[in-house]
Amino acid sequence: MDRSARKKGIYLSNLKATAGMSVMQITLPSEVRIPMTHGRADAAVPVVSPGEKVAVGQLIARAEGPLGVPVHSSVSGTVTGIQSLPSKLGKDDLHVIVETDGRQTPADIRPPVISGREDLIRAARDCGLVGLGGAGYPTFAKLENEGNAFEHLIINGVECEPFVTSDHINTIAYAKDVAAGAALLLRWLDIKDCFIAVQRGMEEAFPLLEESCKDLESIKPVQVSRIFPAGEETALAETLLGVRTAPGELLKDKGVLVLNVSTLIKLQQYVVTGMPLVSRTVTVDGDAVSRPMNVEVPVGTPVMDVLQFCGADMESLRKIIVGGPMTGIALPDTNFYVSKTDDAFICFSAYRAERDRETGCINCGRCIAACPQGLMPNLLFKAWRKRDEEALEKGYLSACTGCGCCSFVCPARKQISYELGLARAMFSEPGRAAMIEDAEGGRDER
Amino acid sequence: MNGKKMLALSPAPHIQERQDTASIMKQVVIALIPAQCWAIYIFGFGALLMTLESIVCCVGFEWACRRILKRPQTAGDWSAAVTGAILAMGLPAGTPLWMIAIGAFAAIVVTKQLFGGIGQNFANPALVGCTVLFFSYQGRMQTFIVTSRMSQVMINAAGGPNAMLSSDAVSGATPLALFSNARALPSNTEMFLGLINGSIGEISALALLIGGVYLCARKIISPVIPLSYMAAVMVMAAFWGFDPVFHVCAGGVMLAAFFMATDYTTSPMLPAGKLIYGIGCGVLTMYFRIYTSYPEGVSTAMLFMNLLTPQIDRLTVGMRMKRTMNGRTAA
């Protein structure tokens, strides 16, 4: 293993208060509003209409588009409406509203028959699976890999974000499913070897994985450094396999498949039981929560219900982060509904919610030391402020993964990572920069 | 359901390291306390008064500049206080307030604020402040008061104990001046502890070392610059056949190595650059000490390297980007 690879990044306080607790089942909400868009999947098209009775696991929306996955009802009850509501990413999204009857009657489900690669990919699609680690790329598309073969499989159980423990908890609870699921992928995708990576310091999961993998020669549980962002998939591939990707190149181009551990567990459970993805484990934590815990939540549950179940103090609550505090997004209010990709809700009071005012760069070099990609965040930042496209390109902006390490360490409180994200968005299309320059120049002339 | 509650919106990351510019600067001031205490022991409370005057002048100029230039106020970020403290450390005991104010003006107004404030200065403000005073008031700035707490060699060099009794302040010479005139030198132990004459903050290598180790331990500074600076001074001294320990303890080497050369803004960003910079400072310091008529080489050497910093950065950043790209090309 490359020792230098493990030094790249920053050490964060883990704050994983919920790591040792068992998962609680949330009180069934009176109504769920199930989003049609999950992560990066294309929006599904509802196939139910108001007044219709639905059961748990019943298809309510069919997959549409090249990255589409179906959506299933997470509760049993009656469809009361289909409505366009704001999604967490700021766009409007159709939601199917289901009034629960409290019985949670399962639909007529059957486990899929798998006898080949195509069956496995179809199963991953039929159960509505997207990456549960937060990024939310449709799992079937990941497995498909445009027909190309994979050489290595990495099961990612490294939750390097503070607070978040949902993957960890699932690994402990379903260590056997992790091993079985990995074996399933190795068999049907014809992959030679597999690493199951967990974070060093989260000791409970590792022996359980070793125990469940002891008869499986090609599957190897490993512990990786708890440096942030060790769980970012390119960092993981570099640490475990020594594979480095060039800008614009994806891990799948190098024959590496990285799958989140909770995603794998859901896939394995679908293969065994036939129950599609209708609920997920969410970590609720932060200083505005009085009962931090991992809670199993039906997809479409109002965020408010989840927070209240965990004893969030609505008076002091000033910020809700979906995902971990390093890369998660802040919600403008509580009127949102749990989607398949929400791995955590971190609730901060005013004390933790505010970031100090930006001051002048003192050239301390902390961002350079922190950057896991070996970039010069300070120079990129200055180039971006000057809209200097050439300097951004020379500084290798496209390699930035937006991990947030530079912003975290900056004593001048500059939002380096965020602004470099803007820079990437703006300069990713050729000719775009010139357009912006023209527009800005035009404004100056006036 | 209270969905209308307004929440704080901000981009990720939502957590941040506690350390900010002000807390970093505070640590530097704290690290100067041992040297300050030693200055009080040798020179009396006048040394503390000088430091306080210098800090007040620097923070005052910073405040006034930001106000006049209508820029966000930065007088509270402790950076001007650091400049003030280091400026005083580099001056001889008994420097009058008006001179300190001129030094502070050169440091804060001319070197720092006229170039855009914190992070924009081309040279270390305190260093420029000291240098301006040394070249403008050569007589006063070469007057080093001898006190009874210094070693016998220093007292003898100023005319012996009897001279000390005859008047309140007797001016003596610094070890480097004795060295240039090939006179008897204090022992290395006396040099290291600081029983010698010089600017108020530079005399005790031990006190400065304590502060410097503190800064390294708190990860405020990287040890690369101080270590390479001191190592280069010692190697060069040995190379020319002089005592390496004497030269590293004499004059402003320790003060400069830990507190001036490590100034973020005017030193290179990358470890490789810091190494080049530290070695450059050390070599030039010794060169100026031996080949120029001015006994102290530190300030000239550091100003020189300050000006070279952008070039060092250019070189080392290019090297680093090449390494980053290495093995990652799509082909």
Side-chain angles (χ1 to χ4, degrees), chain A residues 12 162 244-249 302 304 314 317-321 323 325-335 346 348 350 352-357 359-366 368 373-376 378-379 394-396 399 402 404-405 407-413 415 417-418 421, chain B residues 1-25 71-74 76-77 79 116-121 219-222 262-271 273-274 309 313 316-318 320-321 323-331:
Chain A
L12 298 170
R244 300 181 84 188
T245 47
E249 194 182 32
M304 195 65 189
M314 297 315 289
L317 180 68
R318 281 291 289 138
K319 193 186 237 181
I320 304 172
I321 303 152
M326 286 301 289
T327 56
I329 56 164
L331 291 184
D333 57 59
T334 51
N335 286 336
I346 310 299
F348 284 158
R352 273 188 169 272
E354 319 291 347
R355 192 175 166 99
D356 304 339
R357 189 173 58 90
T359 57
C361 171
I362 54 173
N363 240 26
C364 65
R366 281 173 173 73
I368 304 168
Q373 295 291 81
L375 306 178
M376 306 283 296
N378 56 340
L379 299 185
K394 268 194 185 155
Y396 202 14
C405 290
S407 306
F408 177 84
V409 297
C410 182
R413 303 303 190 225
Q415 296 278 16
S417 171
Y418 166 67
Chain B
M1 203 196 274
N2 177 13
K4 286 275 176 279
K5 185 179 171 74
M6 285 308 287
L7 297 171
L9 276 177
S10 69
H14 305 281
I15 47 177
Q16 64 194 25
E17 193 137 78
R18 218 170 266 156
Q19 207 165 53
D20 61 3
T21 303
S23 69
I24 290 171
M25 297 299 166
R71 299 269 168 79
Q73 191 50 258
T74 53
D77 72 7
S79 66
I118 187 164
Q120 307 288 321
N121 41 294
K219 299 209 158 103
I220 303 291
I221 60 170
S222 132
T262 53
D263 170 31
Y264 295 142
T265 304
T266 53
S267 67
M269 300 179 261
L270 293 170
K274 289 183 204 291
T309 293
D313 271 340
T316 51
V317 168
R320 179 181 162 102
M321 290 323 291
R323 214 174 53 221
T324 300
M325 297 287 280
N326 190 21
R328 304 179 73 149
T329 38

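Numbers restart at 1 for each chain; the letters A, B, ... are given by sequence-line order, proteins then strands. The shown structure was predicted, so the numbers you read here are calculated from the model rather than taken from an experiment.
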Inset, instruction - Check whether any side-chain heavy atom of L9(B) lies under 4.5 Å from a side-chain heavy atom of K319(A), and answer yes or no. - result: no
Legend entry - Side chain proximity check, L270(B) to I368(A), heavy atoms < 4.5 angstrom: yes
Inset, instruction - Determine the option with the most heavy-atom pairs under 4.5 angstrom with chain B, choosing from G421(A), G365(A), G328(A), S417(A). - result: G328(A)
Legend entry - I321(A) portion near chain B, given a 4.5 angstrom heavy-atom threshold: side chain
Inset, instruction - State, yes or no, whether a side-chain contact exists between T324(B) and M376(A) at a heavy-atom distance under 4.5 Å. - result: no
Inset, instruction - Say whether, by atom type as modelled, one donor and one acceptor occur between the side chain of S407(A) and the main chain of P13(B) under 3.5 angstrom. - result: no
Inset, instruction - Side chain from CB out, backbone as N, CA, C, O: work out which of these in L375(A) comes under 4.5 Å of a heavy atom of chain B, or both, or neither. - result: both
Legend entry - Contact summary for Y264(B) and I362(A), nearest pair of heavy atoms: CB-O, 2.9 Å
Inset, instruction - Go through the structure and list residues passing salt bridge (Lys or Arg N to Asp or Glu O under 4.0 Å) with K219(B), not counting sequence neighbours. - result: none
Inset, instruction - Return the set of residues passing salt bridge (Lys or Arg N to Asp or Glu O under 4.0 Å) with R413(A) (not counting sequence neighbours), or none when no residue passes. - result: D356(A)
Legend entry - For M321(B) against Y396(A), the heavy-atom pair lying closest together: CE-CB, 3.7 Å
Inset, instruction - Between chain B and each of R357(A), R366(A), K394(A), Q415(A), count heavy-atom pairs under 4.5 Å; write down the option with the most. - result: R366(A)
Legend entry - Contact class of C364(A) relative to chain B, heavy atoms under 4.5 angstrom: both
Legend entry - Gap between atom CD1 of I346(A) and atom CD1 of I15(B) - 0.5 Å precision: 9.5 Å
Inset, instruction - For residues N363(A) and M269(B), determine if any side-chain heavy atom of one lies less than 4.5 Å from a side-chain heavy atom of the other. - result: yes
Legend entry - chain B contacts, top residue of T359(A), T327(A), L331(A) (heavy-atom pairs, under 4.5 Å): L331(A)
